[in-house]
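The structure presented is a predicted model; accordingly, all values stated were derived computationally and were not measured. Below, chains carry the letters A, B, ... as their sequence lines are ordered, and counting in each starts from 1. Any value given below was found using the heavy atoms of this structure, including those in side chains, with hydrogens, waters and symmetry copies removed.
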Number of protein chains: 2
Amino acid sequence: MRKKRVRTWGVLSHSCDELPLASGGNVFTWMNRVSTRQKITIKDVAREAGCGIATASRVLNRSGPASAEVRERVEKAAGELGFSFSAIGRALQSSRSMTIGCLVPSLANPVFAEAVQGVQEALTGSGYQLLIASSNYDENADNDAIATLLAKEVDGLIVTMAAPDSSVMLKRARQRGTPVSLMFHDPIDGLPTAHVDNFEAAREVARRFADLGHRRTAFLALRFATSDRSRNRYAGFHAECRARGLPDPALIELSEAEANTPELLSSILATLDGLSAVFASNDFLAIAVQKAAQLMGKRVPRDLSVVGFDGIEIGRLLEVPLTTIETAPDAMGRQAARTLLDLMQGGACIQQPPLPFNFRAGGTLAPPRVESRDDDQGATWPPSVHSLKTDLKQG
Amino acid sequence: MRKKRVRTWGVLSHSCDELPLASGGNVFTWMNRVSTRQKITIKDVAREAGCGIATASRVLNRSGPASAEVRERVEKAAGELGFSFSAIGRALQSSRSMTIGCLVPSLANPVFAEAVQGVQEALTGSGYQLLIASSNYDENADNDAIATLLAKEVDGLIVTMAAPDSSVMLKRARQRGTPVSLMFHDPIDGLPTAHVDNFEAAREVARRFADLGHRRTAFLALRFATSDRSRNRYAGFHAECRARGLPDPALIELSEAEANTPELLSSILATLDGLSAVFASNDFLAIAVQKAAQLMGKRVPRDLSVVGFDGIEIGRLLEVPLTTIETAPDAMGRQAARTLLDLMQGGACIQQPPLPFNFRAGGTLAPPRVESRDDDQGATWPPSVHSLKTDLKQG
DNA sequence: TTGTATGCGTTATCAA
DNA sequence: TTGATAACGCATACAA
């Protein structure tokens, strides 16, 4: 016999003990349940209704025949006892947890938070709940999280992680037959994904820059190593510059500190002579760049053009609205959830086309100042220390 | 005998069927498991190791004695089989799900998203996972969500909701003995909460306004009905104005559309003659107000002072940094999680003091223009249609 | 040191 | 139309 663990509530200012013990009706039965703290199972309902548990189950689930009279008794008993099914018992018996695991790098990044919110929305009414995990952009944490989610026997997985293509746990998930749907990633390894075409979107930015006459450009990113999104954006940006015979854009990977400290950021930008346009890997970075430019005495977009990525709402409301690539993280979440739901219902794995992006004009993009128009004027363009290999894709 | 449901993976572009069937080693056993898709239980491990399940359990959990040799066999078997415990089986047996339920209005609001991220952080390493739900600010959805969470037998609950003090399901949670910890709410009904003192913070804003000579002020909020936070902020703001003998601040509740459309917002602000300072219930709103002011040809802070609430990071980076009350949603999440962990370990329910807030000076607050300095000059101050009752707290 | 048997809450089977 | 019973995966009391 296992001993019942009785949890103590500790000292509450309005503890239940203060309630009058002998008061009738609701409060009294309420007290009863509180003091015993017994969990009410279908067995209790059956006993109270004077029937077998199978019958009670059938009635409460409407899953089989039952005479009108016993049905009534069962429903009454369940109501009075405040019975509700244990999802755990159910999960064990049905081997379906009715739970979906979701892994994102961090909820502190509104892009992921909105995506998860989108997942939630698509899941409401489906009967599935969301078990959530975040890895803080750490590859090991990614795998640990998936392992835990799998141990909880989630019925499906919605994932954004550092390295989905090489994750052992993700492979394990598929071995177990747990459907997986990706968010933000490019299609990988036969896993369906809800994404935008980062490569194409970035090419669009390069095109705009080039059309206006920009030559010296830079791409700023925060976590190049753990973000295939950033890498794809840079690849597309770079590819288009190449295709047009323009100089390779400088690739600058910032630390958290550099991104959040305008002073640091401006000193980095200052090393880039002749720079006339910056493509930031996300809108926050783009706004930080503007602040940094302000510190350097440069005006946006007159002295420096800045384009962001994501299309966060607040960019619209800035004094000079941010030029950016609009995406819809919530739509991404919704699509990922729908795809997973489909998969779990035995549907075929069909990869949806990338979700659309939209170039939002804003006011932070303009032609470069005339003086920087001319070309190979010498040695001022440094082979940036931050620069990485450039042929990431289609290079 | 229940029939095993075999889930089909559908048509994947790189389906496992494409892998060579007869290739040896890893791939082969991998295939094996894939094709059978049987879940490996401790029973399998025991059989493989040639011992009883109790022994296997003891070895794998290090929960009891075991000879070195059997220990080795069990661990080997577990490794080869790729065994991992089923959290569901465990939960059923131990009546602890190792899962914590978390309810917030929406993850699309970065304040809540950050708080949840804080919860996550405080939970890592604890062994608990987060089951998350969002209500979209709907009171009924709040209760439904808690009901579902309770059905999943969460070991604890972290909650931000529309009406915690009158929620039947929250009461039910306590009846069941499920520890509850609140976020963002003021202390209520003996439930511990992680919060900032909205009332005091708002008084601080009123004080700053008053000290600079502002008289005609307004409070802008988005969801007054479902947000005790907003109500408390208004109450504090109002109380301090009263205490100083200043006119009651106008209370303006905006619709989503009004808040996001600067044109609408400016037309609303235009109805407030003599208005010299606006206190917005959150930073996004404050930024929207600035945009609206810009549209009206007013300059901030010269013609209109604006103060926000929350202290989102981006406010710092604006061309003119937002004056606001800084709070730390992630700290709120962490505290709520720690409190809950404590409670679940049988700790007493002790209410932590409110988390500190900080008035961030920024650049959107300045003295009013001199012309609006004089007092009862007549009928221009309308008894705003949006105005609500004012005596919410401490009058 | 080990293994058998029981129960956790549920649903499905099957005989009444 | 009913109800006893066997799983489901695990941990543990208890007997060996």
Side-chain angles (χ1 to χ4, degrees), chain A residues 1-5 37-74 78 81-99 127 150-155 176, chain B residues 1-5 37-74 78 81-98 150-155 176:
Chain A
M1 249 316 256
R2 59 191 262 281
K3 55 171 178 278
K4 296 274 174 199
R5 222 178 339 272
R37 208 149 283 172
Q38 274 228 340
K39 105 175 48 163
I40 298 124
T41 77
I42 199 167
K43 215 181 259 179
D44 300 311
V45 176
R47 189 171 18 75
E48 191 76 8
C51 69
I53 55 174
T55 307
S57 172
R58 277 188 295 254
V59 169
L60 263 16
N61 288 309
R62 312 189 192 308
S63 63
S67 66
E69 119 191 279
V70 75
R71 182 185 316 261
E72 180 131 2
R73 289 209 314 271
V74 168
L81 262 41
F83 168 79
S84 81
F85 282 106
S86 156
I88 293 184
R90 272 191 167 161
L92 186 58
Q93 123 75 26
S94 67
S95 71
R96 303 182 66 215
S97 66
M98 295 309 284
T99 291
L150 252 26
K152 294 250 175 179
E153 294 182 71
V154 294
D155 296 328
R176 298 176 43 141
Chain B
M1 249 315 258
R2 57 192 263 281
K3 56 171 178 278
K4 297 273 175 197
R5 221 177 340 269
R37 207 149 282 171
Q38 273 228 341
K39 103 174 52 163
I40 298 124
T41 77
I42 198 168
K43 213 181 261 179
D44 300 312
V45 176
R47 190 171 16 76
E48 190 76 7
C51 70
I53 55 171
T55 307
S57 172
R58 277 188 293 255
V59 170
L60 264 14
N61 288 311
R62 312 186 191 307
S63 63
S67 65
E69 107 188 291
V70 75
R71 181 186 315 262
E72 181 131 1
R73 289 208 315 271
V74 167
L81 262 39
F83 168 78
S84 82
F85 283 106
S86 157
I88 293 184
R90 274 191 164 161
L92 188 57
Q93 122 77 26
S94 67
S95 71
R96 304 182 67 215
S97 66
M98 295 308 284
L150 252 27
K152 295 251 174 179
E153 294 180 72
V154 293
D155 296 329
R176 296 176 45 140

Report the distance from atom [atom1] of [X] to atom [atom2] of [N], rounded to the nearest whole Å.
X        : N      : atom1 : atom2 : result
A:Lys39  : C:dC8  : NZ    : P     : 10 Å
A:Arg58  : D:dT2  : CZ    : P     : 8 Å
A:Glu153 : D:dG9  : CD    : C1'   : 8 Å
B:Ile40  : D:dC10 : CD1   : C1'   : 16 Å
A:Met98  : C:dT11 : CE    : P     : 12 Å
A:Leu92  : C:dG7  : CG    : C1'   : 12 Å
B:Ile53  : D:dA13 : CD1   : P     : 15 Å
B:Ile42  : C:dA5  : CD1   : P     : 17 Å

Any heavy-atom pair between the side chains of [Y] and [X] that's under 4.5 Å?
X       : Y        : value
B:Arg73 : B:Val70  : yes
B:Met98 : B:Val154 : no
A:Asp44 : A:Phe83  : no

Would you say [X] places a side-chain N or O within less than 4.0 Å of OP1 or OP2 belonging to [N]?
X       : N      : answer
B:Ser57 : D:dC10 : no
A:Thr55 : D:dG3  : yes
A:Lys43 : C:dC8  : yes
A:Arg90 : C:dT11 : yes

Exercise for review: Go through residues 60-72 of chain A and report each residue with a non-hydrogen atom lying under 4.0 Å from DNA chain D, sorted by number.
Suggested key: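 Correct list: A:Pro65, A:Ala66, A:Ser67, A:Val70.
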Could you tell me the separation between the [atom1] atom of [X] and the [atom2] atom of [Y], rounded to the nearest 0.5 Å?
X       : Y        : atom1 : atom2 : value
B:Ile53 : B:Arg58  : CD1   : CZ    : 10.0 Å
A:Gln38 : A:Leu81  : CD    : CG    : 10.5 Å
B:Ile40 : A:Arg176 : CD1   : CZ    : 8.0 Å
B:Glu69 : B:Cys51  : CD    : SG    : 10.5 Å
A:Ser84 : B:Lys152 : OG    : NZ    : 12.5 Å
B:Phe85 : B:Thr41  : CZ    : OG1   : 10.5 Å

Review point. Which part of the nucleic acid, if any, lies within reach of B:Gly89 when heavy atoms closer than 4.0 Å are counted: base, sugar-phosphate only, or nothing?
Key: base
Practice item. Looking at every strand, decide which applies to B:Ile88 at a 4.0 Å heavy-atom threshold: base, sugar-phosphate, or nothing. Key: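 B:Ile88: no heavy atom of the nucleic acid under 4.0 Å.
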Point to revise | A:Arg96/A:Glu153 salt bridge by N-O under 4.0 Å criterion | key: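 Salt bridge flag = no for A:Arg96 with A:Glu153.
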Exercise for review: Please round to 10 degrees the angle between the axis of the first five pairs and the axis of the last five pairs in the helix from C:dT1-D:dA16 to C:dA16-D:dT1.
Suggested key: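 Terminal axis comparison yields 50°.
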Practice item. For the side chain of B:Ser86, starting at C-beta, report the closest nucleotide among D:dT2, C:dG3, D:dG9. Key: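 Closest of the options to the side chain of B:Ser86: D:dG9.
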Point to revise | Residue B:Gln93, side-chain heavy atoms: nucleotide from D:dA11, C:dT10, D:dG3 that is nearest | key: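 Given the options D:dA11, C:dT10, D:dG3, the side chain of B:Gln93 is closest to D:dA11.
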